[in-house]
Amino acid sequence: MFRRSMVWVVCLVFVGAIAALVIAYERDQPRFSLNPFCGVRFAYRLNVTIEVKGEQYASAATGELQNIRISTGGVCRQEIGSVLPFRLSDNRLVVVYAGLCRAAVKEFAGGQDAEPWDSGPKAGAIDDAFKAAMKEHKKLDIARLCLGISRDRTGVDGARYDGYFLDSADEPKAWRGFSFDRNPYFDGVSETERPRIVSAVAEATNRPPEDLLEKVAPATLKADFKGDWSKSPAWMFFDRRRQHQLSYGEDTFHVSEEPHQVPTAPGFPRQTPP
């Protein structure tokens, strides 16, 4: 009887030790993805506070960097954790893209440029740096490294806004884009209304993707954003709505761009205001 009990104790200790090792290992690893085409190589928690007309608002999201497992000519896109929503005191909504600028990714990657198609020794070195960052919960001052959250401080991005104002968080009917700097190619807000980043910190962490959209502004997930797809909020919400269209239902709100005068930059073709 005593021997049998000892065998059970030894077995339980052995199983417990194995489980502890697995948990410790997984804690420092990126989430395992069941997607055969895209894997996860890094995760980060983003906490951001902005100021609009003297009032401050906070939001958070957990995002991921993905890698291509099987190339099909497409890209790996994240449906959750890519949008930071801020509900203002007047019930308007500010949404900001939560993807990190290349300079921030490079810091987490040990000084190397990380791309979704990385392979071989380069991919191994970058993945090791990502795992080390997650293990120590490395933090970066995104406000220092990036212009806003997702744009590098070098060069001007004439392709899209940094974020958007929606006229209502509950029943949006109009949107207007903005840049954290005064983007000379297009802009949609006055200097007095332009959001300012008070703090933005990204922490490397092994957590599943999440954001606050369903809690703060679920109406955005039932919105059809009109206008140029690449410049309207549509590109920011595309993957989220495509993957969950059945649960969100049909479009309830049709949101058009609010008319405004578009400034021009020297040497850049003048755009026609909507």
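No hydrogens, no waters, no symmetry mates; every other heavy atom, side chains included, goes into these values.
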**Prompt:** Could you state the interatomic distance from OG (Ser232) to CZ (Phe238), rounded to the nearest 0.5 Å?
**Reply:** 11.5 Å
**Asked** Would a distance-only check, ignoring hydrogens and angles, find a side-chain to backbone donor-acceptor pair under 3.5 Å from Lys231 to Gly177?
**Response** no
**Request:** For side chain to side chain contact (heavy atoms under 4.5 Å, CB included), just list the numbers for Ile149 and Asp162, CA-CA rounded to whole Å, side-chain angles, deciding distance to a tenth of an Å, and then say yes or no.
**Result:** CA-CA 8 Å; Ile149 306 297; Asp162 293 321; over 6 Å; no
**Prompt:** Of the options Tyr161, Phe225, Tyr97, Trp229, which is the one that meets Trp235 in a ring-ring contact (aromatic ring centres under 6.0 Å, His included)?
**Reply:** Tyr97
**Request:** Mind telling me whether Phe42 and Phe108 have parallel, tilted or perpendicular rings, with 30° and 60° as the class edges?
**Result:** tilted
**Prompt:** Are side-chain heavy atoms of Val94 and Phe178 found at a separation under 4.5 Å?
**Reply:** yes
**Prompt:** Should Val216 and Leu93 count as side-chain neighbours, where that means a heavy-atom distance under 4.5 Å?
**Reply:** yes
**Complete:** Of all heavy-atom pairs linking Ile50 and Pro195, the shortest is CD1-CB, 4.5 Å
**Request:** Check for a donor-acceptor pair, side chain of Asp152 on one end and backbone N or O of Arg102 on the other, with a separation under 3.5 Å.
**Result:** yes
**Prompt:** Where is the tightest heavy-atom contact between Asp167 and Lys173, given as atom of each residue plus distance?
**Reply:** OD1-N, 2.8 Å
**Request:** With sequence neighbours excluded, give me every ring-ring contact (aromatic ring centres under 6.0 Å, His included) pair touching residues 197-224.
**Result:** none
**Request:** Sort out for me which residue in Val105, Leu145, Leu140 forms a side chain to side chain contact (heavy atoms under 4.5 Å, CB included) with Leu100.
**Result:** Val105
**Asked** Could you give the distance from CD1 (Ile126) to NZ (Lys131), rounded to the nearest 0.5 Å?
**Response** 12.5 Å
**Asked** Between Ile197 and Val96, is there a shared hydrophobic cluster once you connect ILVMFWY residues whose side-chain heavy atoms come closer than 4.5 Å?
**Response** yes
**Complete:** Output for pair (Asp211 CG, Ile80 CD1), nearest 0.5 Å, gives 6.5 Å
**Request:** Show the numbers, then the answer: is there a side chain to side chain contact (heavy atoms under 4.5 Å, CB included) between Ser59 and Val48?
**Result:** CA-CA 6 Å; Ser59 188; Val48 179; 5.7 Å; no
**Asked** Which atoms form the tightest heavy-atom contact between Gly110 and Ala129, and what is the distance?
**Response** N-CB, 3.7 Å
**Prompt:** Taking atom CZ of Phe86 and atom CD of Glu51, what is their separation to the nearest 0.5 Å?
**Reply:** 12.5 Å
**Message:** Do Phe180 and Leu88 sit in one hydrophobic cluster, given that two such residues count as connected whenever their side-chain heavy atoms are within less than 4.5 Å of each other, even indirectly?
**Reply:** yes
**Message:** So for atom NZ, which belongs to Lys139, do other residues, nucleotides or ligands contribute more than 12 heavy atoms lying within a distance under 6.0 Å?
**Reply:** no
**Asked** Could you state the interatomic distance from CZ (Arg41) to CG (Leu65), rounded to the nearest 0.5 Å?
**Response** 8.0 Å
**Message:** Apply side chain to side chain contact (heavy atoms under 4.5 Å, CB included) to residues Arg207 and Met134 and explain how you reach the verdict.
**Reply:** CA-CA 10 Å; Arg207 295 177 60 174; Met134 288 188 288; over 6 Å; no
**Asked** Within the distance-only criterion (no hydrogens, no angle test), does the side chain of Asp170 pair as donor or acceptor with the backbone N or O of Ala219 below 3.5 angstrom?
**Response** no
**Asp113 backbone acceptor or donor facing Lys122 side chain under 3.5 Å** = yes
**Asked** Mind checking whether Tyr57 and Ile142 sit in one hydrophobic cluster, side chains of I, L, V, M, F, W, Y counted as touching below 4.5 Å?
**Response** yes
**Message:** For Asp181 and Ser179, which I'm curious about, is there any donor-acceptor pair between the side chains at under 3.5 Å?
**Reply:** no
**Prompt:** Would you call Arg176 and Glu193 a salt bridge, using N to O less than 4.0 angstrom?
**Reply:** no
**CA sep, side-chain torsions, deciding dist, call: Thr220, Phe237, side chain to side chain contact (heavy atoms under 4.5 Å, CB included)** = CA-CA 8 Å; Thr220 58; Phe237 290 90; 3.6 Å; yes
**Prompt:** Are Leu212 and Tyr164 joined in one hydrophobic group, where the rule is that I, L, V, M, F, W and Y side chains link up if heavy atoms are under 4.5 Å apart?
**Reply:** yes
**Prompt:** Does any non-hydrogen side-chain atom of Leu213 lie less than 4.5 Å from one of Pro218?
**Reply:** no
**Message:** Please give me the minimum heavy-atom distance between Ala133 and Ala204, naming the atom from each residue.
**Reply:** O-CB, 3.4 Å
**Prompt:** By side chain to side chain donor-acceptor pair (under 3.5 Å), which residues pair with Glu171, not counting sequence neighbours?
**Reply:** none
**Message:** Test: salt bridge (Lys or Arg N to Asp or Glu O under 4.0 Å). Region: residues 52-67. Which pairs qualify, not counting sequence neighbours?
**Reply:** Arg31-Glu64
**Message:** For Arg45, is there an ion pair with Glu203 - N to carboxylate O distance below 4.0 angstrom?
**Reply:** no
**Item:** Minimum-distance pair of heavy atoms, taken over all atoms of Phe253 and Pro172
**Value:** CB-O, 3.6 Å
**Asked** Can you tell me how far CG of Leu46 sits from OG1 of Thr205, rounded to the nearest 0.5 angstrom?
**Response** 12.5 Å
**Request:** Please report the closest heavy-atom contact between Ala98 and Leu84, naming both atoms and the distance.
**Result:** CB-CG, 3.9 Å
